[in-house]
J.: 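The structure's right below; bear with me while I get my questions together.
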Amino acid sequence: MADDKLWGGRFSQPTDKFVEEFTASINFDQRMYRYDIEGSIAHAKMLARQQIIADDEAMQIIDGLQTILADIEADHFEFFVALEDIHMNIESALIKRIGPVGGKLHTARSRNDQVALDIRLYLRDEIKTILDYLNRLQEALLGQSEANLSVIMPGFTHLQTAQPVLFSHHLLAYYEMVKRDSSRMQDVLKRLNYLPLGAGALAGTTFPIDREYVAELLGFDGVTRNSLDSVSDRDFALEFCAAASILMMHLSRLSEELILWSSADFNFIELTDAFCTGSSIMPQKKNPDVPELVRGKTGRVYGNLISLLTLMKALPLAYNKDMQEDKEPLFDTIDTVKGSLKIFADMIAQMQIKTENMRIAAARGFSTATDVADYCVRKGLPFRQAHEVVGKTVRYCVENNKEIPELTLAEFRVFSELIEADIYDYVTLEASVNARRATGGTAREAVEREIQRARSERCQQTC
Ligand code: ARG
């Protein structure tokens with residue numbers, strides 16, 4: 001019935017049942033219940049402190065809200081679609097429990113500033129969890145890098161063998177990406193952490209509220225500065241979805257590599273059985289389902305960002321009901337990112353490395369050709385000519401089915417007289433890798449320095 005509704009006063013007919021269902025958000029926004037209650041408690045405290053309501057009224061409201069919180073947590077609370085959203089479900093339950101005084105909670109507040117507050121509080125917590133998961137993934141990558149410091153693999157460009165690199169160096173590339181993801185998430189937090197409550201429906205409120213006090217109670221860095229912006233801004237959700245998209249792009253690249261590496265053709269790694277499944281028809285199959293699925297899920301996270309951008313595009317100020325559609329893409333992004341990160345941290349930590357196969361692959365494909373060219377350059381040949389010399393050497397190798405270190409000195413010298421017996425000191429995998437010593441290079445000493453650096457940075461964060 002219309003008069004059951006918290007806003008029923010203006011209406012003479014009940015809402016159409018289907019319209020009620022169509023316009024409700026309770027099925028998805030109920031996950032914000034804890035933050036809705038936390039925000040209401042802070043609001044009630046402020047109302048009493050400002051003498052807008054009496055102290056004992058605030059106390060009854062806070063007690064009532066706490067019993068509602070306990071009931072929801074214990075799964076003893078019934079949500080009603082007719083009450084549309086989490087805000088009205090809780091407020092209506094409060095009035096039912098403590099009587100008309102419960103109706104004073106919504107003084108100097110609107111659902112428009114309330115929902116903006118709830119999303120910020122909820123997302124703030126979720127980002128903290130995501131930061132923790134990112135940290136675990138960094139730890140897994142760093143741990144595997146430390147444990148496999150002598151493993152050499154082929155480095156690729158165009159997915160063609162290019163130069164040998166340390167496997168640790170390759171993993172640390174992902175460490176860097178995840179570190180940036182983490183810094184982007186922290187950045188989202190910085191701009192998110194302002195209190196929008198107090199904007200009312202759009203213009204502010206006629207009551208003598210103290211927004212700074214509420215901000216302090218809820219751990220915000222300050223208050224938003226414009227009431228219209230406060231209720232219509234979803235930049236923080238957009239920034240989060242953008243950061244999440246980049247993060248998933250990184251995971252999709254690592255996924256792709258894990259899938260390739262665990263194929264029979266590469267055979268560089270083995271993912272533990274817990275992260276794979278079999279085929280119902282081909283008995284030999286062990287499929288890398290987890291990385292495949294994470295690669296696939298990247299698409300929905302991009303989609304959610306585009307949904308949200310499209311939702312907000314050209315919306316006039318201030319609140320519009322369209323904005324209720326912000327929650328599902330946001331929630332789905334949070335769930336997808338959390339799930340993917342959680343599973344990745346364990347999968348990386350448990351991945352088995354096939355050292356010998358990586359090494360054999362690294363020795364194929366003339367991977368030390370650049371080292372021969374650099375050798376000639378050090379003997380005085382301009383790089384472009386050295387490139388030409390080695391190009392011809394490689395063609396000779398291809399025609400004679402030899403790798404570069406297998407050439408005799410006489411064969412080397414056909415292409416350049418500058419080459420002497422010490423060339424063999426430069427064309428081993430270790431020599432090639434360890435020659436790249438400058439900061440950020442793949443030499444073992446350079447990689448060890450970066451590991452050390454990562455370790456001390458991490459220690460500064462937590463120790
Ligand atoms: N359920 C709404 C949302 O998610 C809450 C705000 C509704 N405000 C309103 N005036 N209808 O956006």
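For ligands, and for the atoms within them, numbers begin at 1 and follow the listed sequence. Note that the numbering runs from 1 along the sequence shown for the chain. The basis for the numbers below is simple: all heavy atoms, side chains too, and nothing from hydrogens, waters or symmetry mates.
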J.: Would you call Glu325-Arg234 a salt bridge at under 4.0 Å N-O?
T.: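 Result for this pair is no, no salt bridge flagged.
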
J.: Charged N to carboxylate O under 4.0 angstrom, Asp181 versus Arg184?
T.: yes

J.: Would you call Lys342 and Asp346 a salt bridge, taking side-chain N to carboxylate O under 4.0 Å as the test?
T.: no

J.: Under the side chain to side chain contact (heavy atoms under 4.5 Å, CB included) criterion, do Ser255 and Phe344 qualify, and how do the steps go?
T.: CA-CA 9 Å; Ser255 295; Phe344 247 71; 3.3 Å; yes

J.: With hydrogens left out, which residues have an atom under 4.0 Å from ligand 1, given that only heavy atoms count?
T.: Ser25, Asp85, His87, Arg111, Asn112, Val115, Tyr319, Gln324, Lys327

J.: Hey, what's the ring geometry for Phe156 with Phe268, parallel, tilted or perpendicular (30° and 60° as the breaks)?
T.: parallel

J.: For the residue pair Phe331 and Tyr122, is the inter-centroid distance of their aromatic rings smaller than 6.0 Å?
T.: yes

